Each structure stands twice: as C-alpha cells, then as structure tokens.
There are 2 protein chains.
Amino acid sequence: MLSKNQQIIFDIIEKAKEPIKAYSILFNVQKKGIKAPLQVYRALDKLVEIGKIHKIESRNSFVACKNSNCQISKATAFSICESCEEVSEISDNKLSKYLKSFQNKAGMKFKKYNLEFFGLCKKCSVK
Amino acid sequence: MLSKNQQIIFDIIEKAKEPIKAYSILFNVQKKGIKAPLQVYRALDKLVEIGKIHKIESRNSFVACKNSNCQISKATAFSICESCEEVSEISDNKLSKYLKSFQNKAGMKFKKYNLEFFGLCKKCSVK
DNA sequence: TTAATTATTGTTATATTATAACATTATGTA
DNA sequence: TACATAATGTTATAATATAACAATAATTAA
Ligand SMILES: [Zn+2]
Ligand SMILES: [Zn+2]
Ligand SMILES: [Zn+2]
Ligand SMILES: [Zn+2]
C-alpha cells in the first residue's frame with residue numbers, strides 16, 4: 001500500500017512517457033503540496049525499493065516498472081536511445097535467466113544486476 | 001597520446017585500488033595545479049571516450065580499464081560489493097559475446113552496453 | 001612556414017542531483 | 001492504551017556536473 005506522497009509521485013512517473021528526473025517530479029507536484037526535494041527523494045527511494053519504479057543510472061532518471069516488478073528490482077535491463085533518449089524496459093526470459101545465474105571468476109554469486117543497452121531506436125535510426 | 005591533465009588524472013585513477021570520485025580526484029591533483037572541477041571532468045570525459053577508464057554509473061565513480069580498453073568502452077561489465085564497495089571489471093568472453101549480439105524485441109541493434117552486478121565479495125560474505 | 005583548424009587548458013559562475021539533521025504526525029501492532 | 005515503526009515537513013547544505021568565455025598549444029593543410 002503506497003502512502004500519500006508515494007502514490008502522488010508514482011502516478012506522475014507512471015503517466016510520463018519518458019524517464020523523468022527527480023527535480024522535474026518536484027516541479028510537477030508542488031501544486032499538490034510536496035515542496036521539498038527530500039520529500040521526492042524519499043518517495044523515490046521507497047518506490048525503487050519495492051520495485052514499482054527503476055532508476056536509469058546513466059541518466060539519473062526514473063521509470064515505472066513494466067515487468068511485474070522485476071522480482072523487486074533485482075534484475076533490470078533497459079534499452080536507451082542515444083538520440084531521442086527513449087528508454088524501454090527489456091523483458092527477455094533467456095537474458096534474465098542467463099544473467100541471474102551468472103558467476104564471475106571469483107565465484108561471487110550476485111543478488112542483483114542492472115543492464116543498460118545503448119543504441120538508436122527505430123525512429124532515430126532511419127533519420 | 002594523453003595530454004598533461006589527462007595523464008595526471010589517469011595516473012591517479014590507475015593507482016587507486018578502488019573506484020574514485022571526481023571531487024576526490026580534484027582534491028588529489030590540486031597540488032599539481034589542477035584547481036577546478038571542470039578541468040577534472042574534461043579529462044574524465046576524454047578518458048572515458050577513449051576507453052582508458054570507465055564510469056561506474058551507480059556510484060558516480062571511475063576506474064581504470066583492466067581489459068585492453070573494452071573496444072573503446074562499448075561493452076563493460078562490473079561486479080560491485082554492496083558492503084565494501086569493491087568493484088572489479090568482468091572479463092568473460094561468453095558473456096560479452098552474448099550481450100554484444102543481443103537484440104531486443106523491437107529489433108533494435110545496440111552499439112554499447114553497461115552491466116553492473118551487485119552482491120557480496122568473498123571477504124564480505126564470510127563476515 | 002605560415003595560416004587555419006582542432007584540441008586542450010584556465011577561470012568564474014552556476015546548474016543539477018542528493019542527503020543531513022531535527023521535529024512532527026500518522027499508522028500499525030501488542 | 002502504549003509502544004514501535006513508517007511517513008511527513010522543513011531548513012540547510014553537500015555532492016555532482018555543466019555553461020560560458022578567453023587563452024594557449026598542437027595538428028594539419030596550403
Ligand atoms: Zn521492472
Ligand atoms: Zn530514438
Ligand atoms: Zn574496460
Ligand atoms: Zn566486500
């Protein structure tokens with residue numbers, strides 16, 4: 001169950017067609033009484049923690065999860081267009097299976113991964 | 001061939017045992033006459049571009065490339081310990097082959113990827 | 001070898017992203 | 001109720017990164 005601020009901020013992110021940044025969220029919610037960055041960041045932290053949203057690390061921005069919460073954000077993959085900045089979440093069983101079972105040479109077993117692919121989306125590649 | 005500032009900053013990063021942050025680099029090079037953040041960021045940008053270093057996106061920090069420059073930073077993978085923050089670059093032919101040829105459902109072909117795994121390193125997992 | 005071009009440097013100011021610290025209120029639970 | 005936990009509100013500040021402009025050095029082309 002989301003709290004009031006969490007719900008307000010989640011709604012903004014979910015409605016956005018693109019990844020959205022914390023201070024842009026702040027600007028959008030000031031009319032709803034959320035006035036301080038910390039109020040936004042706290043909601044973002046919680047939403048990330050429970051897997052409702054993900055942070056696109058290379059862009060410092062946030063998107064709603066499109067994949068039944070990615071097992072609470074333990075396994076995330078995105079495609080990012082370097083021209084128009086369109087981001088979409090990748091859902092690929094073979095990829096996630098492969099990465100979830102990946103072990104490095106030190107035998108370290110991982111709890112979590114985040115993968116970002118970069119290229120040109122369809123629209124941008126024909127331009 | 002690296003320029004003066006690029007070389008100074010690359011040397012710091014290469015000597016560091018851990019990922020190092022831009023302002024920590026700045027602090028380290030002030031005695032060598034590099035006084036402003038922008039001087040550091042410009043060198044970092046160039047070093048990333050030519051593949052001598054990589055940015056650890058989830059940590060806003062930088063490491064020297066350990067993998068013959070990762071074909072100029074087009075294919076990077078790291079393991080990150082969430083306890084001690086140790087980072088190491090992953091070199092795994094099977095993994096990189098798989099990811100380099102990955103296509104999403106939209107048929108988008110990628111030019112670049114960055115993968116970050118999170119878990120506990122050997123030391124931290126026995127604690 | 002001069003002129004033009006490109007890369008690098010220096011400098012000040014400012015923008016953007018994120019957290020510390022403290023007080024208060026709401027919600028859940030024994 | 002009483003206790004614990006989670007969420008909120010607020011002010012200040014820390015940490016990360018770029019804009020804008022001027023000068024110098026290195027490279028390349030005529
Ligand atoms: Zn997801
Ligand atoms: Zn695009
Ligand atoms: Zn590398
Ligand atoms: Zn560790």
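A, B, ... follow the sequence lines: proteins, then strands. Residue 1 opens every chain. Fair warning: this is a prediction, and the values are worked out from it, not measured in the lab.
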Measure the angle between the two terminal helix axes of the helix from C:dT1-D:dA30 to C:dA30-D:dT1, five base pairs each, and quote it to 10°. 50°
Residue pair B:M1/A:R42 against DNA chain C: nearer the 5' end by closest nucleotide is B:M1
Partner set under side chain to side chain donor-acceptor pair (under 3.5 Å) for B:D11, not counting sequence neighbours: B:Q7
Look for any protein N or O under 3.5 Å of an N or O in nucleotides 25-29 of chain D and output each such pair with its distance, or none.
none

With a 4.5 Å heavy-atom cut-off, do B:K21 and B:R59 have their side chains touching? no
A:M108 to A:N104 - nearest heavy-atom pair and separation: N-OD1, 2.9 Å
Which sits closer to the 5' end of DNA chain C, B:N60 or B:G33, going by the nucleotide each is nearest to? B:G33
Beyond-backbone contact of B:L115 with A:N114, side-chain heavy atoms, under 4.5 angstrom: no
To the nearest Å, give me how far apart OH (A:Y23) and C1' (D:dA14) are. 11 Å
What's the CD-C1' distance between B:E57 and D:dT16, to the nearest Å? 12 Å
Apart from B:L120 itself, residues in the same hydrophobic cluster as defined by side-chain heavy atoms under 4.5 Å: none
Other than B:F27, what residues sit in its cluster of Ile, Leu, Val, Met, Phe, Trp and Tyr side chains whose heavy atoms are under 4.5 Å apart, directly or through others? none
At a heavy-atom distance below 4.0 Å, which nucleotide of DNA chain C is the first touched by chain A, and which is the last? C:dT17 to C:dA21
